[in-house]
Each structure stands twice: as C-alpha cells, then as structure tokens.
Protein chains: 2
Amino acid sequence: MADTWTITELANEQGVTARAIRFYEDQGLISPLRDGRNRVYANRDRVRLKLILRGKRIGLSLAEIRDIINLYDTPEGEQRQTELLRKLIRERRAQLMAQQQDIAVMLHELDNLEARL
Amino acid sequence: MADTWTITELANEQGVTARAIRFYEDQGLISPLRDGRNRVYANRDRVRLKLILRGKRIGLSLAEIRDIINLYDTPEGEQRQTELLRKLIRERRAQLMAQQQDIAVMLHELDNLEARL
DNA sequence: TATCTACTTTACGTTAACGTCAAGTAGATC
DNA sequence: GATCTACTTGACGTTAACGTAAAGTAGATA
C-alpha cells in the first residue's frame, strides 16, 4: 500500500473529480504537500478528504465541514477555547442526532409504504 | 386548530419563507387549492411540506424529494409498477441507512474529540 | 373612497459547488 | 528532440434553490 497519492489517484479511489479536490483546497479544507508544482497527498490528507466526503453525503455544506475540521485542528490544551469547543461539539452532536431522527422517520414511512404494496 | 392555512401562516409555522413554498410548487412538489388567486393549504399540504423540509434537512435535493413523493403518490394496486416501486424503496432505504452510518461515524469522532479535551 | 394589508405573478440577481475549456509545464518514452 | 502523459493555474460557464424587487389585485378598515 502506497503512502502517498497523486490527485487523480486519490480522486479515482474516492470517486470524485480532481477538480473537486482542488476546489476543497481553494476553500481551505485540505492542504497537501507539493513535489515541485504537483500536489502530493499523504494519509492524513486522505483521511481529511474522507471526512469531507462523509460530511457531504449527509448534506453538510463545505462551510459546515470546515467548521468541523476546525474543531479537529484546534491545538490541544488551549484552556480559554476549551469551553467554546465543548459547546460547538454539543451543538453539532445535537444537529446530527436530529438528522438521525429525520432519517428514522423517513425509514419508517418507507416501511409503511412497502407494507401497503 | 384551523384546518386550512395561508401561505404566510404555513411559512411562519414551518420556519421557511413563502417564496420557498411557492418555489416547491413550481417544482411540482406541492399543489394547494385556491380561493380565487390565493393559495389555501389543507392538512395534507402541510404534511407534504413537512416531508419536503425533512428531506432537505438530511441533505436530499428537491429532485430526490420529488422521487420519494412520487413513491407515495403512485396509485395502489398497479401490479405492473409494484415491483419497480419495491426496488426504488429498497434503494432509498439503503441510501438512508448508509447516511445513518455516516452520521454514526461522525458522532463517534465527536465523542473522541470531546474526550481529548 | 382612499389607504392598508396580504396576497399574487414576473423577472432578474445571488450563492455554493463544482464543470469545462484553454494554455502552459515537466518528466518519461519513442 | 518530438510526442505523450499527467499534472498545473486561470477563467468563464452551469445548476440548484431560492432572494429580492417591481407591479398589480382584492378585501378590510378609516
């Protein structure tokens, strides 16, 4: 298993276009190293991309995903920030759980629908 | 409890703009009756709007929501269509369950994050 | 009867998230 | 050394989902 990827390798693997990945970089969501002009993606970039795509699949905007990434990237032990971070995490968790609920309701309705057939 | 609503009443209640509701109508997602030129929303329209907004909250596009609505609106007992319907329902259910999974992973990551604080 | 309020339609504007050329470069291959 | 391949950086185009006037109407109220 390689430990670095080119942009097209990563794009193919993750099922997105290279253009999309470059766009995420423009938006400050991912920052690969360079080999000359060319982008080189390490595993942490790959993990980051997966996080982005997971966020997209559940309907988060890139701005919201950036907020979540910022939670991850905040230096540890910054006491002044900790309380704020906890709050943001709680809010995000509440939103995700509400989404779970919405999906549960929809699944239930699909069950009813199928039962009617 | 009233059994009909004006567009602004419904908009305020559901936390969206009247413009958005009219847009959903343009897209064929909802079809209220009229009192002269004015739209009159009955309870089934209200339920329909809730379905639309629930879909939006979990990141579905209006086109996808329309597909789901079409599942609901298909006349019962159309034997020829039944098998296709079952298939569409199964696919949609699979997608929703995948989304549940994505959300579960994110919730887990938030837990880890909070634990680090 | 004039004004106010809540609706209507029409139409152009806006933002997010890329798609789609165009033009250039750098390394490998014929 | 020319051609091929995989990258690069602009820059303009596109679609979805509304926002935002503009201009008109119909019923209630001063």
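Letters go in sequence order (proteins before strands), and every chain restarts at 1. Note that this is a predicted model, so its numbers are computed, not measured.
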Once side chain to side chain donor-acceptor pair (under 3.5 Å) is applied, do any residues pair with [X], and if so which ones, sequence neighbours excluded?
X	result
B/Arg37	none
B/Asp102	A/Arg57
A/Asp73	A/Arg48

Run the salt bridge (charged side-chain N to carboxylate O under 4.0 Å, His left out) test against B/Arg54 and tell me which residues pass, sequence neighbours left out.
A/Glu109
Generate the contact string for nucleotides 8-26 of chain D. Rules: B means base contact, S means sugar-phosphate contact only, - means no protein heavy atom under 4.0 Å.
BB-B-----BBBB---B--
Quick one: side-chain hydrogen bond (donor to acceptor under 3.5 Å, both in side chains) pairs with a partner in residues 9-20 of chain B, sequence neighbours left out?
B/Glu13-B/Arg46
